[in-house]
Structures are given as structure tokens and as C-alpha cells.
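Accompanying notes for the structure given below.
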Amino acid sequence: MSQFPARAVVDLAAIRGNVSALAAHAPTAQVMAVVKADAYGHGLVPSAHAALAGGASWLGAAQVTEALELRRAGVAAPRILTWLYAPGAPLRDAIEADIDLTVSAAWALQEVAAAARAVGQTARVQLKVDTGLSRNGLTPADLDLLLPAAQALEAEGVIDVVGLWSHLAIADEPTHPTVTLQAKVFAEALAVVEGAGVRLEVRHLANSAATLTSPGTHYDLVRPGIAVYGLSPVPQLGGPEQFGLVPAMTVEAELANVKHVQAGSGVSYAHLYVTERDTVLGLVPLGYADGVPRHASGTQDRPGGPVRVGGRTVGVAGRVCMDQVVLDLGPGATEEAGDTVELFGTGADGGPTAQDWALAAGTISYEIVTRLGARVPRVYVDSEEGA
Ligand SMILES: *Cc1c(COP(=O)(O)O)cnc(C)c1O
């Protein structure tokens, strides 16, 4: 394995299985596995291959450079969509690499058209409509204004408008009125675009939460991200197991030191934690530089982020440091330096999950996995190999 005393073990079989579970939740739609942000920290290329093997026919990447990286690595996904770029983006490369470009503004339509002319190839374009998130996308009014220009470019063969899509603001609360409201605005935008004679290949609206809980939003394609990696987008409604998902990433480390200290010992910076009795401390060589959230530090009254040690779970004692955290293993602890501990994993054996760390840090599981540092090696396994 690696020389580094910690690692993120990614089970490619879990990613495959999660995509096929998501496909079963959305039987009328194709699946676009969203692999932005290094596949939510899991590693872009291996995760993309696993998602395709699990039945995804599309890959989604926020940045153009991420989409290009997929093609450069030889990922032959039938289709790749990208959606977040600023003026000056490498759109010519994207068109040559057969990547669908989202247009969310008039300047973007002009840049895509110029890039398509420059490479002498028709650009595949998907229009994004802002149905109520007020982030990226054309407002319905701007869509009306842009549509004639897009159709003129289509008639010239410069672009091909192949999709219309939008993104939900509060899909993780399936009964929230914005879900049906945004779906209604989306349906109206579709009627405008299709009514103008544009022939769309795909219409799409659903992220992970909507894929699992709002079938009315599935249309032709669903765009799950977090659920591909086996984490629940709706932890308040159910854990991954409830949706047939398995967390793909396990973060583990070897204890770098174990020692006896006396009662009253202040532990880690600022002494937020002071031992109440003679005890054994264990040192875990992962810190906030590796993505362990400093907000999950432990105090006397509130245990920090959970770590599985042997068959039990202990909270981080004291401040999370840049490179390390300390555990109070208890007076009778028999652990030794070199023993493996687990920060989070599948949760199957009652061990901690990325969602538990999210709770400890006051955030969401997305942030726990995507912020895992570059220093932590990703190690790929396949739990079904040879099975
Ligand atoms: C990130 C993202 C997704 C996936 O969201 P999840 O909540 O992780 O499923 C889907 N669509 C767009 C536009 C996104 O930016």
C-alpha cells in the first residue's frame, strides 16, 4: 500500500451498485453520474469508470477542465455535460472532445458559437433555465430573449440545442412547495422551447434527493451526485441503506503514538480537553489539512468527531490540529502504535459514517468527503472482485 499512515479506501463495487440502485429508483430516465470535485473526493477517473460500469450513460462535471480531464484519461462516456465556466474558458477543446456545453447567459452563447466556428464543428448545447435557485441559468425572461439567437445558430449548423435543464433549491425537503413550483416553471420553459420547434434529446431537473424522493422530476435524465458515492442526500429522512446505497469511501489511519498520561493532562492546542483520570491517549495522523474538520474538535462536554478503535467508537479529544488528532482511548486501552483506526466508512458494523462527521462539524456529508485533502492517498478496491 502507501507509505502515508492514512488513506481513503474507495470501493468501486459500491459506486457501481449505487448507480444501479439509482437507475432502479428512476426507471424511466437515464442516469448522469455527477463526478465534479474529483468525484466528490473519491477520485475522478476511477469513479467515472465505476459509474459507467454501473449503468450511467452520462457524466456530469461542473468545470470544463474536469470534463476535459475525463476525455484525456480516455473515459469514453457516451455523453459528458459541463455547466460552470467564465468568459475565456477552453470551449474549443471541449467541443473537439465531444462535451455538451451548458449555456446560462447570452455571453456564453456567443463564446460557444465562436468556439464552434473556430474548430469547424457543431457544438452540442444544453440551455439551463433558472427555475428558482437564483444561481446559474437563464431566467425564463432571458430564455425568451436568447431563444431566437440560439435557433438562428442552430439553423446555421453552428450549434445543436440538445437539452434543457434546471436545478432544484430544496429537493432535500421533498414536500417543500418550491419543488413543485420549480417543476412547474421548468415545464413552462420546456413548452416555450419545444413550442418554438427545438428538438431536445434530454430534459432534466433531478439531483440525488429528487432522484430518490420526487419521481415527478425525473424527465429523461437524473443527475445524482452524492448518492453515487453512497451517502444520503436526505439524512433526516433516511440513511443510505434505506435507499439501497452503500458508502463507497472508508477513511482509516494507523495510530502514530499511544501513551499513558495522568489525570489532569491538557490535551492538544488550547487544552479544550483535560483528562479526568489516568488514561491512554492515541495519536491519529490526520488533521484539518487532510480534511478533518476543525469544527469537530472535542471538548470536555462534547465529544469530537467519532473514530472507530477496535470494536468501540471514541470522540476526538481536544482540538483538531493541522496534521493530527488525539483520542482518549480510556484507562484500560490495549491499542498500540500501528493499529488501524477508522474515521468513517460504510457504517455497517455500527462504525462512524461521513454523516456522523457532518453532524459533529455542523455541516453536510458532501463537505466531509469533498474536502478530504490531496495528501490522503485514495486506494481502490473492488469488494466484488473474485466474488
Ligand atoms: C452537484 C450537482 C448535482 C448533484 O447534486 P447531488 O445533490 O450531489 O445529487 C446535480 N446537478 C447539478 C447542476 C449540480 O451542480
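Read the numbers this way: they start at 1 and go in the same order the structure lists the ligands and their atoms. Note: hydrogens, waters and symmetry copies are ignored here, and every other heavy atom, side chains too, is used.
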Original post:
Which is closest to atom 3 (C) of ligand 1 in terms of heavy atoms, K128, H204, R135, K36?
Top reply: K36
Original post:
Which residue and non-hydrogen atom of the protein lie closest to atom 7 (O) of ligand 1, and at what distance in Å?
Top reply: Y366 OH, 2.6 Å
**OP:** Before giving the answer on salt bridge (charged side-chain N to carboxylate O under 4.0 Å, His left out), spell out for E254 and R7 the whole-Å C-alpha distance, their side-chain angles and the decisive distance to 0.1 Å.
**Re:** CA-CA 9 Å; E254 274 78 64; R7 67 209 61 84; 2.6 Å; yes
Original post:
How long is the span from the CG atom in N136 to the CH2 atom in W83, to the nearest 0.5 Å?
Top reply: 11.0 Å
Original post:
Looking only at protein heavy atoms, which one is nearest to atom 13 (C) of ligand 1, and how far off is it?
Top reply: W165 CZ3, 3.4 Å
**OP:** Please report which non-hydrogen protein atom sits nearest to atom 12 (C) of ligand 1, along with the residue it belongs to and the distance in Å to one decimal place.
**Re:** H167 CE1, 3.4 Å
Original post:
About how many Å separate OG1 of T139 and CG of L145, when rounded to the nearest 0.5 Å?
Top reply: 7.5 Å
Original post:
Of the protein's non-hydrogen atoms, which lies at the shortest distance from atom 9 (O) of ligand 1, and what is that distance?
Top reply: S208 OG, 2.5 Å
Original post:
Can an N or O of A209 be found at a distance shorter than 3.5 Å from an N or O of ligand 1?
Top reply: no
Original post:
With a 4.0 Å cut-off, would you call E156 and R117 a salt bridge?
Top reply: yes
Original post:
Under a heavy-atom criterion of less than 4.0 Å, does P224 contact ligand 1?
Top reply: yes
Subject >> atom 11 (N) of ligand 1 - nearest protein heavy atom and its distance >> reply: R223 NE, 2.9 Å
Original post:
Do D142 and L146 come within less than 4.5 Å of each other through their side chains, counting heavy atoms only?
Top reply: no
**OP:** For a side-chain contact (heavy atoms from CB on, under 4.5 Å) with W357, tell me which candidate from V369, T363, V316 qualifies.
**Re:** V316
Subject >> Ring centers of Y229, H42 separated by less than 6.0 Å >> reply: yes
Subject >> Atoms of ligand 1 close to W83 [distance to a heavy atom under 4.0 angstrom, numbered from 1] >> reply: 12 (C), 13 (C), 14 (C), 15 (O)
Original post:
At what distance, to the nearest 0.5 angstrom, does OG of S365 lie from CG of D356?
Top reply: 10.5 Å
**OP:** With heavy atoms of I226 as the reference, note each atom of ligand 1 found under 4.0 Å away.
**Re:** 6 (P), 8 (O), 9 (O)
**OP:** Write out the residue and atom name of the closest protein heavy atom to atom 5 (O) of ligand 1, then the distance separating them to 0.1 Å.
**Re:** Y40 OH, 3.6 Å
